[in-house]
Protein chains: 2
Amino acid sequence: MVRKTKEDAEITRQLIIDAARETFFVRGVSRTPMETIAEKAGVTRGAIYWHFRNKTDLFQAMREQVFLPLIDRMDGILLVESEDDPLSCIERFFTSTIQVLNDDLKTRRTYEVMMTRCEYVDEFAEVLRLILSNCSGFVEKIELVYKRAQDKGQLRPGDDPAALAMDSHFFFTGLLHMWVKDVEDGNIRKNAIQAIKAHIALRRR
Amino acid sequence: MVRKTKEDAEITRQLIIDAARETFFVRGVSRTPMETIAEKAGVTRGAIYWHFRNKTDLFQAMREQVFLPLIDRMDGILLVESEDDPLSCIERFFTSTIQVLNDDLKTRRTYEVMMTRCEYVDEFAEVLRLILSNCSGFVEKIELVYKRAQDKGQLRPGDDPAALAMDSHFFFTGLLHMWVKDVEDGNIRKNAIQAIKAHIALRRR
DNA sequence: TGGTTTACATACATTCATGTTTGTTTATAA
DNA sequence: TTATAAACAAACATGAATGTATGTAAACCA
């Protein structure tokens with residue numbers, strides 16, 4: 001291989017990210033040598049070090065590729081003012097996230113890598129902080145939707161939107177973790193949608 | 001140092017496990033060289049390889065030391081037949097688990113290592129499976145308690161014990177994850193007990 | 001059309017971690 | 001009381017993995 005056009009270079013970059021994701025998944029991030037990623041991508045380490053500063057940089061690129069669109073999607077579903085069934089809004093968001101995980105291999109693998117194949121120390125500790133702050137935003141948005149649901153009289157009397165939001169956040173965090181880790185049995189993956197329905201039903205008046 | 005008695009050897013073994021836990025926490029499991037653990041424990045690698053086959057073996061020892069008693073505690077709290085307030089039973093179990101995490105550094109560090117400083121591949125993949133199967137048992141036990149609560153008329157009419165159990169499982173899994181990861185802000189750690197209360201209140205008639 | 005830069009491949013230097021083997025001392029059991 | 005084995009320390013051998021430096025050919029621009 002030799003010199004390519006700008007578009008070719010972009011393809012190479014993408015090949016490297018794809019190879020990294022798969023190899024991270026199989027061997028874990030820290031146990032994955034750059035050499036292995038390079039082989040899988042059909043390039044040499046030189047190519048990787050041209051496109052990325054180091055493994056952390058490559059990891060970040062892989063991560064952002066699925067997380068940025070996911071955050072956009074969240075806002076798209078949750079923050080629609082013109083909605084007269086806010087509770088279903090939340091349900092739809094949860095359900096569709098699971099759907100994406102189920103249908104899109106890239107997204108699923110990225111989640112799998114981030115949740116079970118990565119050690120959050122040193123340079124990676126910052127990633128954890130990023131995710132955490134992201135969660136805060138998530139809770140706030142959900143709380144807003146629950147408030148709208150309350151205004152529309154959807155909630156049971158006495159239920160506090162803030163408490164419901166926290167509860168839903170923990171629920172969904174747990175569901176995601178178990179869903180991703182449930183590779184063998186498949187029991188959770190089968191019942192995830194139903195569990196979401198039940199979770200929301202618990203709130204409905 | 002030279003030859004010790006059986007009790008001295010046991011002390012050394014414990015020193016190694018303690019050192020491993022702390023070092024795993026600081027540097028991550030795979031980025032922790034045996035040498036570093038040895039230094040921290042005040043021994044040489046020779047001592048570690050005498051007590052443990054390799055790093056995985058050492059990791060397992062660390063893990064079992066806090067997990068086995070924790071499972072016993074779960075049974076102890078959840079499976080008391082002579083209880084006329086099953087819902088509070090579950091609440092107490094959740095609350096006390098958080099309390100243990102909060103008060104006992106060894107347990108907390110072990111959880112931190114297992115949730116954010118370990119890559120579950122190869123030999124470690126089995127650990128994940130172990131945890132998963134453990135969770136199944138957990139859900140079953142909770143479901144049993146919810147059934148007892150239903151019999152005593154504690155639940156809202158129409159609520160299904162199995163669905164409630166799943167929901168609680170996800171809730172607690174998520175709470176644990178966020179609690180452990182919430183090192184900087186401390187917001188979740190402050191409100192955990194309250195969130196548990198709210199979660200159970202959502203079920204009470 | 002020739003120089004410059006891009007997009008890599010190749011080669012190099014260095015560091016580090018693991019597992020094993022051998023050596024040493026002492027508790028312990030026969 | 002002495003041989004054995006436990007509980008390590010120290011030395012050895014080996015194999016990676018990383019980052020950088022250098023080489024190179026083609027695209028691109030003047």
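Letters A, B, ... mirror the listed sequences (proteins, then strands); counts begin at 1. What you see below is based on every heavy atom in this structure, not just the backbone, and it leaves out hydrogens, waters and symmetry mates.
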**Fill in**
ring pair (Phe, Tyr, Trp, His ring centres under 6.0 Å) test vs A:Phe170 passes for just one of B:Phe172, B:Trp179, B:Phe171, namely B:Phe171
**Asked** From D:dA9, D:dG19, C:dA7, pick the nucleotide closest to the side chain of A:Lys6?
**Response** C:dA7
**Complete:** Assert: residue with more 5' nearest nucleotide on DNA chain C, out of A:Ile48 and B:Arg27, is A:Ile48
**Asked** In whole angstrom, what separates B:Tyr49's OH from C:dT18's P?
**Response** 5 Å
**Message:** If we ignore hydrogens and angles and just use 3.5 Å, is the side chain of B:Arg189 paired with the main-chain N or O of B:Val180 as donor and acceptor?
**Reply:** yes
**Prompt:** Which whole-number value in Å describes the distance from B:Trp50 CH2 to D:dA6 P?
**Reply:** 6 Å
**Request:** Would you mind checking if A:Arg148 and A:Asp151 are paired as a salt bridge, meaning a charged N to carboxylate O distance below 4.0 Å?
**Result:** no
**Prompt:** Which listed nucleotide (D:dA10, C:dT20, D:dT20) is nearest to the side chain of A:Arg45?
**Reply:** D:dT20
**Prompt:** Does A:His51 place a side-chain N or O at less than 4.0 Å from the phosphate oxygens OP1/OP2 of C:dC8?
**Reply:** yes
**Asked** Using a cut-off of 4.0 Å on non-hydrogen atoms, how would the nucleic acid contact of A:Thr32 be classed: base, sugar-phosphate, or nothing?
**Response** sugar-phosphate
**Prompt:** Does A:Thr5 put a side-chain nitrogen or oxygen below 4.0 Å from OP1 or OP2 of C:dA7?
**Reply:** no
**Request:** Kindly point out which of D:dG19, C:dC8, D:dA10 is positioned nearest to the side chain of A:Thr12?
**Result:** C:dC8
**Asked** B:Lys55 side chain N/O closer than 4.0 Å to the phosphate oxygens (OP1, OP2) of C:dT18?
**Response** yes
**Message:** For the backbone of B:Glu119 and the side chain of A:Arg117, can you confirm whether one donor and one acceptor N or O come within less than 3.5 Å of each other?
**Reply:** no
